[in-house]
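To start, the structure under review is shown below, and the notes come after it.
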Amino acid sequence: RFAREAGLEGTAFVAWRAGIGALTLALVLGVTGGLAAARGGLRTLDRRGRASLATAATMGLVLNVCIFIAFGRITIALALMLFYTYPALVAAVGVLLGRDRLTPPKLAALVLASAGVLLVLAGSLAVSSGITVDLLGVLLGLGAAVSQTVFVTVSRSGFGRLPASGATLVILATSAVGGAVFAVAAGGGASLVAPLTSHESWPYALFAGVLGAALPSFLFLTAIQRIGGTRTGILMLWEPVVGVVLAALLLGEPLLPLQLAGG
């Protein structure tokens with residue numbers, strides 16, 4: 001929201017967010033010696049592993065492009081409702097592929113967490129001007145959910161020999177380049193160069209890149225590989241809860257009892 005008000009919109013925001021995230025992660029790996037391990041891991045990947053990494057990186061790009069364009073076409077809460085169908089999709093795909101068992105505790109956690117998210121986001125719709133329905137926006141929100149599902153499924157074991165830090169670096173770099181291409185193709189070149197002509201958007205771009213891309217992307221991928229896609233997806237349902245609380249604190253948006261119950 002703040003970045004858009006400062007002139008950094010949609011796919012341009014995707015490009016800068018991912019680019020700064022990739023640069024931050026590369027600097028950390030360079031200082032800690034992890035860059036050499038990442039390069040070595042890339043070299044050891046077989047054809048299947050490289051294909052899996054390429055698929056994950058492409059899905060990461062498609063996810064970001066879909067969701068940030070959707071935010072501009074439909075209500076943010078509605079876009080997130082569509083996007084957060086992905087944990088259920090991940091669980092279903094895991095069961096179908098024989099990778100996971102949907103035990104009663106997991107199923108209960110998934111249902112409760114998903115219901116809570118619906119309440120949180122329904123409250124966001126209640127305090128906004130209503131539901132903005134746009135077919136392309138709805139399809140983009142669902143497309144983001146499908147992209148995230150493929151990303152989680154492929155990332156679980158598709159390139160296990162590569163350290164999570166190295167895979168995250170490749171994924172962020174792909175989103176940075178792809179986001180820039182999308183921005184130029186969509187006529188958003190002016191927004192893409194906004195940080196070069198004005199310092200107003202830099203605080204938001206830096207914050208989004210370091211704490212909104214590099215760190216959570218690395219943690220997310222690590223979690224997928226360590227505890228599986230279903231558990232990670234359930235835990236990720238905290239994201240809109242945190243978002244609603246931050247919106248109340250930073251944007252003055254009221255926090256309704258319905259949202260507290262959902263949280």
Side-chain angles (χ1 to χ4, degrees), residues 1-32 34-35 38 57 60-77 79-80 83 124 127-129 132 137 140-141 144 165-221 239-255:
R1 183 82 62 85
F2 292 131
R4 185 166 64 244
E5 291 172 356
L8 195 57
E9 300 185 2
T11 50
F13 179 78
V14 170
W16 279 96
R17 172 181 174 273
I20 292 173
L23 181 60
T24 301
L25 188 55
L27 289 174
V28 171
L29 292 177
V31 171
T32 59
L35 207 54
L61 169 62
V62 173
L63 158 66
N64 280 283
V65 170
C66 283
I67 198 65
F68 282 108
I69 294 178
F71 286 157
R73 299 188 68 94
I74 57 178
T75 308
I76 290 177
L80 291 177
F83 174 61
S124 297
V127 299
S128 68
S129 57
T132 301
L140 288 170
S165 55
T168 304
L169 186 59
V170 172
I171 291 166
L172 288 175
T174 301
S175 290
V177 175
V181 171
F182 271 104
V184 172
S191 180
L192 187 62
V193 299
L196 303 178
T197 58
S198 170
H199 299 301
E200 188 179 357
S201 61
W202 268 109
Y204 312 117
L206 286 171
F207 187 89
V210 177
L211 296 179
L215 179 62
S217 296
F218 168 70
L219 294 176
F220 182 50
L221 191 56
E239 184 177 357
V241 178
V242 174
V244 166
V245 171
L246 289 177
L249 294 174
L250 302 177
L251 303 175
E253 296 182 1
L255 197 60

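- Considering CG of Leu169 and CG of Leu221, their distance stands at 12.0 Å, rounded to 0.5 Å.
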Inset, instruction - Starting from the C-alpha separation in whole Å, work towards a yes-or-no answer on side-chain contact (heavy atoms from CB on, under 4.5 Å) for Leu250 and Arg1. - result: CA-CA 11 Å; Leu250 302 177; Arg1 183 82 62 85; over 6 Å; no

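- Of all non-hydrogen atoms in Ala22 and Ala173, the two that sit nearest each other are CB-N, 4.0 Å.
- Ala214 and Gly21 get closest at one heavy-atom pair: CB-O, 3.4 Å.
- With rounding to the nearest 0.5 Å, the separation of CG in Leu211 from CG in Leu206 is 10.0 Å.
- Between the side chain of Thr197 and the backbone N or O of Ala194, at least one donor-acceptor pair lies under 3.5 Å.
- To the nearest 0.5 Å, atoms CZ (Phe2) and CG (Leu251) are separated by 4.5 Å.
- Closest of all the heavy-atom pairs between Gly141 and Ala70 is N-CB, 4.1 Å.
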Inset, instruction - For Ser124 and Ile76, run side-chain contact (heavy atoms from CB on, under 4.5 Å): C-alpha distance rounded to whole Å, both residues' side-chain angles, the deciding distance at 0.1 Å, then the answer. - result: CA-CA 9 Å; Ser124 297; Ile76 290 177; over 6 Å; no

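- A pairwise comparison of heavy atoms in Ala208 and Arg17 identifies O-CG, 3.6 Å as the closest pair.
- Within the 3.5 Å criterion, the main-chain N or O of Ala57 finds no donor-acceptor partner in the side chain of Thr174.
- Nearest heavy-atom pair across Arg4 and Glu9 is CG-CG, 3.7 Å.
- Between Phe83 and Leu63 there is a side-chain heavy-atom pair separated by less than 4.5 Å.
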Inset, instruction - Might you work through the side-chain contact (heavy atoms from CB on, under 4.5 Å) test for Trp16 and Leu192, ending with a clear yes or no? - result: CA-CA 8 Å; Trp16 279 96; Leu192 187 62; 4.0 Å; yes

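- When ring centroids are compared, Phe68 and Phe71 come within the 6.0 Å threshold.
- Looking only at side-chain heavy atoms (C-beta outward), Ile69 and Phe182 stay at 4.5 Å or farther from each other.
- Within the model, atoms CG of Leu61 and CD1 of Ile171 stand 11.5 Å from one another, a figure rounded to the nearest 0.5 Å.
- We find the OG1-CG distance between Thr168 and Leu172 to be 6.5 Å, quoted to the nearest 0.5 Å.
- The two residues Ala15 and Gly179 come nearest to each other via the heavy atoms CB-C, 3.7 Å.
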Legend entry - Working for side-chain contact (heavy atoms from CB on, under 4.5 Å), residues Ile20 and Trp202: CA-CA 11 Å; Ile20 292 173; Trp202 268 109; 3.9 Å; yes

